[in-house]
Every structure is written in structure tokens, then in C-alpha cells.
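Below is one structure, written out as C-alpha cells; the observations come after it.
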Amino acid sequence: MLSLDSYKASQRPTWCPGCGDFAVLASLQKASLNVGVAPEDMVVVSGIGCSGKISQHFGSYGVHTLHGRVLPTAAAVKVANRNLTVIAAGGDGDGFGIGVGHFVHAARRNVDITYIVMDNHIYGLTTGQTSPTSEPGHCTKTHPEGAFEEPIHPLELAITCGATFVGQAFAGDPAGMTRVVEQAIRHKGFSMVNIFSPCVTFNKRNTYAWFKEVLTDVSADPNYDCTNKAAALAKLEESAEHITGVLYQVNKKTYEEQLPNLPSSPLTGVDLRLGSEQFEHLLQEFR
């Protein structure tokens, strides 16, 4: 019988007290239990930064990758064994800075993975520099007079690049966050969930209180249609992306379903050795 303990690792999380990542981990564990996927059938792939520790603290298989390389690694895991439930996890710096190119291509390919971004609007691990989602006017070590660049708009970017599930949640609302993450895991295709996860140590601007004041839930609009791309983009523009819930969801064929000659069984169980006839056939193709 599965329980929450099934998804807990032996190591205790070592984030700063009050960090939103604690709630993200707890919601991922609860959502996985609700879906009913066993830990041995899951892989959590994480990147560099405070958020990267989540693969160590979740009781499944885990891969801790290089900075910005979460999504290609997660995609490779899914292609190698499509029977696995693959969770990619990282921060706003990891995903929308050095890793933004991979984000674009994973979304447009519609790889069947769930991508959870712990967005704290700051570089936490390196002690407080401006990140790709830092808002104009935010004073940091790298911008002491205030950030002035246009920030990345993660949800708008995800939708326009082809993601088939786009949601947003807040670490200060564990129940709402768990619902969105659960829906993302159940979705077949590229699911992106941006989670506002406050950094209590280095970001004194985007606090729990600040997010609670500015955020609204998309479910407050009874006429909202999450299958309408134009409506989703309009809602994001209207709210300045300060909104939670499922913003967009459509069904399309996944990357794995369309990849030529990919067997349905895991590649680990396929005999990849070439016979002499197969080898000769390949040589003829390239002569």
C-alpha cells in the first residue's frame, strides 16, 4: 500500500527555514500519491540551485544534472523508458536563464514529462542576484539601483512554444498547488507548472505576504476556457501572470508517439545489437 512515506527519502531537506521549496516537495509527494504512481516507476530530474536538491529528498529514482540541462536529461529518460513517470524540476535561473533554449524545444516537441519550476525571482544559491524573472525595480547584488531588463514571462512563453499543459501555483497555498501538480502529472504531454516559491533569505520583496496580495485564481472566472489559447494569453496579459490554476490544456500527440521506430517497450529491454543483414542494409542506405 502506498502512503506519503513511500515518497520520502532518508535525508532531511536542508533548505532555509521557511523556504517555499519545502511546500513544493510536500505537494509533489501528495500529488504522486493521489495519482497512484509507485516511487519505483518515477524519476525526478533536477538542476543546479536550491531547487536542485528536490531529487535527493523525493523517494524515487533521481538524477541531479548540470546547470540548465534538466529538460534534455528528462526527455532522454522518457524516450528510453516511456513507462516511467518523469518529473523535471528546477528554478527560474536554471530553467529560464541558461536552460531557456531547452525549455523552448521540450515544449514544442511535447515530450511527456512534467516540468516543475520553483520560481523565487532571485538567484538563491549564489546569495541574491537578479534572475530572469526578477521584476523591474528589484534591487539585488547585481542591480543595486534596481533591475531594468524586461523579465521572462514563463507561462506566455510555454504556451506560445507549444506546451500542452500550463499551470501556476503558489507555495503558500499547498492545497491549490497539489491540485495543479496532480493535474500536470496526469496530463499526457509536456506539462509546465510554474510555482512561486519565496526565498525568505535573499528576496525581501517577493514575500509570502506580497504574493498573497497580488495573486488571483483563474477559477474565480467561471467563463474562463483553458482550452482557448487566445483566451489564455489574454488572461496572462490582463493579470501580469499573477494568477494561479490551470491556464491552458489541450491534447496532442506526444514526442514519443511520433518518434519513428521507437519501440513501445523500454530500450533497456531491447536487443540493440545489429545483425549482419541489418548492418549491410544500413551501409546500402548511405552509399
Separation of C199 SG from D119 CG (nearest 0.5 Å): 11.5 Å
N-O pairing of D221 and K235 below 4.0 Å: yes
Donor-acceptor contact present, side-chain S27 to main-chain V24, <3.5 Å: no
Proximity of F103 and F96 rings by center, below 6.0 Å: yes
Greater than 12 external heavy atoms within 6.0 Å of Y224's OH: yes
Atom CG of L66 with >12 non-hydrogen neighbours under 6.0 angstrom: no
Closest heavy-atom pair and its distance - V181, A31: CG1-CB, 3.8 Å
Side-chain donor/acceptor of S191 to backbone N/O of A184, under 3.5 Å: yes
Side chain proximity check, F190 to R108, heavy atoms < 4.5 angstrom: no
Spatial distance of atom NE2 (H67) from atom CG (D94) [nearest 0.5 Å]: 4.5 Å
Ring geometry between H121 and W210 (parallel below 30°, tilted from 30 to 60°, perpendicular above 60°): perpendicular
salt_bridge(E257, K78) N-O dist < 4.0 Å: no
Short side-chain to backbone donor-acceptor contact, S46 and G52, under 3.5 Å: yes
V250 backbone acceptor or donor facing T227 side chain under 3.5 Å: no
Minimum side-chain heavy-atom gap N251-T164 below 4.5 Å: no
Crowding at CG, D271 (>12 non-hydrogen neighbours, <6.0 Å): yes
CD/E149: more than 12 non-hydrogen atoms of other groups inside 6.0 Å: yes
Residue from D21, N120, N206 passing side-chain hydrogen bond (donor to acceptor under 3.5 Å, both in side chains) with S197: D21
Heavy-atom neighbours of E40 CD exceed 12 at 6.0 Å: yes
Ring geometry between F211 and F170 (parallel below 30°, tilted from 30 to 60°, perpendicular above 60°): tilted
K204, NZ atom: more than 12 neighbouring heavy atoms under 6.0 Å: yes
NZ/K253: more than 12 non-hydrogen atoms of other groups inside 6.0 Å: no
